[in-house]
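Notes for the one structure printed next.
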Amino acid sequence: ETTNYIKKLREIMKNYKLILVSDAAGHGKSTFLTDLALKLRSCEVESEDPLEDAREVSSWVVKINLHAHINDFNDEALDLNDAQFLDYIFANFVMSENDQNDRKILEKEAFIESIENSIFILDGFDEIAPFCNEKVKKFIKKIISLNVSNVFVTTRPHLQKDFKTFGKALVNLQLTPFTDADQYNY
């Protein structure tokens, strides 16, 4: 069953830019995307795993906790041109302040060159204040406009309607709740 689910996810990733993961609280949205991010970043993925293909083409996996970064979704950032916006994303969401300058320069160049093969994971749309929703949706649209591989967003079902403006680029992925055994093994 897991293999079928992974194959289905791979097909979804090929066909849709924006993947909305919506479900009730406690159904594992954040856990699922954290695991996905680790699989996409890791070299430990088995070669027969269908996510291998996605990992091979994904140079960068950027996971952003929306609630923790809500102040970073400001009008100034949204008004930047593409090159400036990539710099902004890199500085605010990719590199830490502790990284050395030489490393920052090299990794920034690699990030910018491979943006079309990057996956963004935006966790917690349902956890931000409602008055911030429009700015975050503009941020998502701006990321998509950079022609990234995929953008995953977690939210609750009642907020799916907020994403209708994304049209055919959007698919809603609903998780199957974990059994007790799944929770123990995961």
Side-chain angles (χ1 to χ4, degrees), residues 9 13 17-42 54-55 58-80 82-101 103-104 107-108 110-112 114-115 117-146 148-163 165-166 169-175 178 183 186:
L9 180 59
M13 290 173 71
K17 286 279 188 199
L18 178 60
I19 301 164
L20 194 62
V21 181
S22 67
D23 222 322
H27 279 226
K29 299 178 298 289
S30 297
T31 302
F32 167 73
L33 289 184
T34 298
D35 183 62
L36 177 64
L38 291 172
K39 281 185 176 176
L40 293 171
R41 288 179 182 157
S42 171
R55 185 190 56 77
S58 300
S59 299
W60 293 83
V61 178
V62 181
K63 186 170 186 269
I64 301 171
N65 178 331
L66 293 175
H67 185 267
H69 287 279
I70 200 63
N71 292 328
D72 294 322
F73 308 115
N74 56 58
D75 290 332
E76 291 172 9
L78 295 171
D79 290 336
L80 297 173
D82 286 354
Q84 293 168 327
F85 188 64
L86 282 169
D87 288 343
Y88 183 82
I89 289 172
F90 187 81
N92 289 283
F93 305 111
V94 177
M95 295 304 293
S96 75
E97 293 176 13
N98 298 330
D99 289 324
Q100 296 174 340
N101 283 338
R103 180 176 171 211
K104 282 184 183 180
E107 290 201 10
K108 181 179 168 186
F111 174 72
I112 290 170
S114 62
I115 193 65
N117 295 325
S118 299
I119 294 175
F120 282 76
I121 296 175
L122 308 177
D123 191 23
F125 184 80
D126 54 311
E127 297 171 7
I128 61 174
F131 65 86
C132 298
N133 288 1
E134 287 306 313
K135 283 186 183 182
V136 172
K137 286 192 303 185
K138 287 179 184 176
F139 184 81
I140 293 168
K141 286 180 180 178
K142 188 126 175 129
I143 290 173
I144 290 171
S145 76
L146 298 172
V148 299
S149 179
N150 297 100
V151 178
F152 286 83
V153 179
T154 65
T155 192
R156 303 238 176 104
H158 71 278
L159 293 173
Q160 290 176 16
K161 65 184 181 327
D162 288 354
F163 291 88
T165 59
F166 287 89
L170 166 72
V171 66
N172 183 35
L173 180 65
Q174 200 157 9
L175 302 178
F178 279 171
Q183 291 176 18
Y186 203 68

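Computed from a predicted structure; not experimentally measured.
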key: Check: Lys142 side chain, Leu80 main-chain N or O, donor-acceptor pair, under 3.5 Å   = yes
task = Could you pull out all residues at least two apart from Tyr88 that satisfy ring-ring contact (aromatic ring centres under 6.0 Å, His included)?
result = none
query = Between Asn92 and His69, which heavy-atom pair has the shortest distance, and what is it?
reply = O-CE1, 3.8 Å
ask   = Which heavy atom of His67 sits nearest a heavy atom of Glu127, and at what distance?
value = CD2-O, 3.3 Å
task = Compute the centroid of each ring, for Phe93 and then for Phe139, and state whether the two points are separated by less than 6.0 Å.
result = yes
Atom of Ala77, atom of Phe85 and distance for their closest heavy-atom approach = O-CD1, 3.5 Å
remark   = So NZ of Lys141 and CG of Leu78: to nearest 0.5 Å the spacing works out to 11.5 Å
note = When every non-hydrogen atom of Met13 is compared with those of Ile119, the smallest separation belongs to CE-CD1, 3.5 Å
query = How are the rings of Phe90 and Phe111 set to each other: parallel, tilted or perpendicular (split at 30° and 60°)?
reply = tilted
remark   = Taken to the nearest 0.5 Å, the spacing of Lys161 NZ from Phe163 CZ works out to 10.0 Å
inquiry  = If the condition is side chain to side chain contact (heavy atoms under 4.5 Å, CB included), which residues does Ser30 pass it with, not counting sequence neighbours?
reply    = Asp123
Option from Val62, Ile144, Leu146 for which side-chain contact (heavy atoms from CB on, under 4.5 Å) with Phe120 holds = Val62
key: Within-4.5 Å side-chain heavy-atom neighbours: Phe166 and Ile140   = yes
inquiry  = Would you compute the distance between atom OG1 of Thr34 and atom NZ of Lys63 and round it to the nearest 0.5 angstrom?
reply    = 3.5 Å
message = Within this structure, what is the NZ-CZ distance for the pair Lys138 and Phe73, rounded to the nearest 0.5 Å?
response = 14.0 Å
request  = Taking the side chain as every heavy atom from C-beta outward, state whether Lys135 and Asp75 have any atom pair closer than 4.5 Å.
outcome  = yes
ask   = Out of Leu159, Leu122, Asp126, which residue meets the side-chain contact (heavy atoms from CB on, under 4.5 Å) rule with Val153?
value = Leu122
message = Quick check for you: to the nearest 0.5 Å, what is the distance between Asn133 atom CG and Thr155 atom OG1?
response = 8.0 Å
key: From OG1 (Thr154) to CD1 (Ile19), nearest 0.5 Å   = 13.0 Å
query = Looking only at heavy atoms, what is the nearest atom pair of Lys108 and Asp87, with distance?
reply = CE-OD1, 2.7 Å
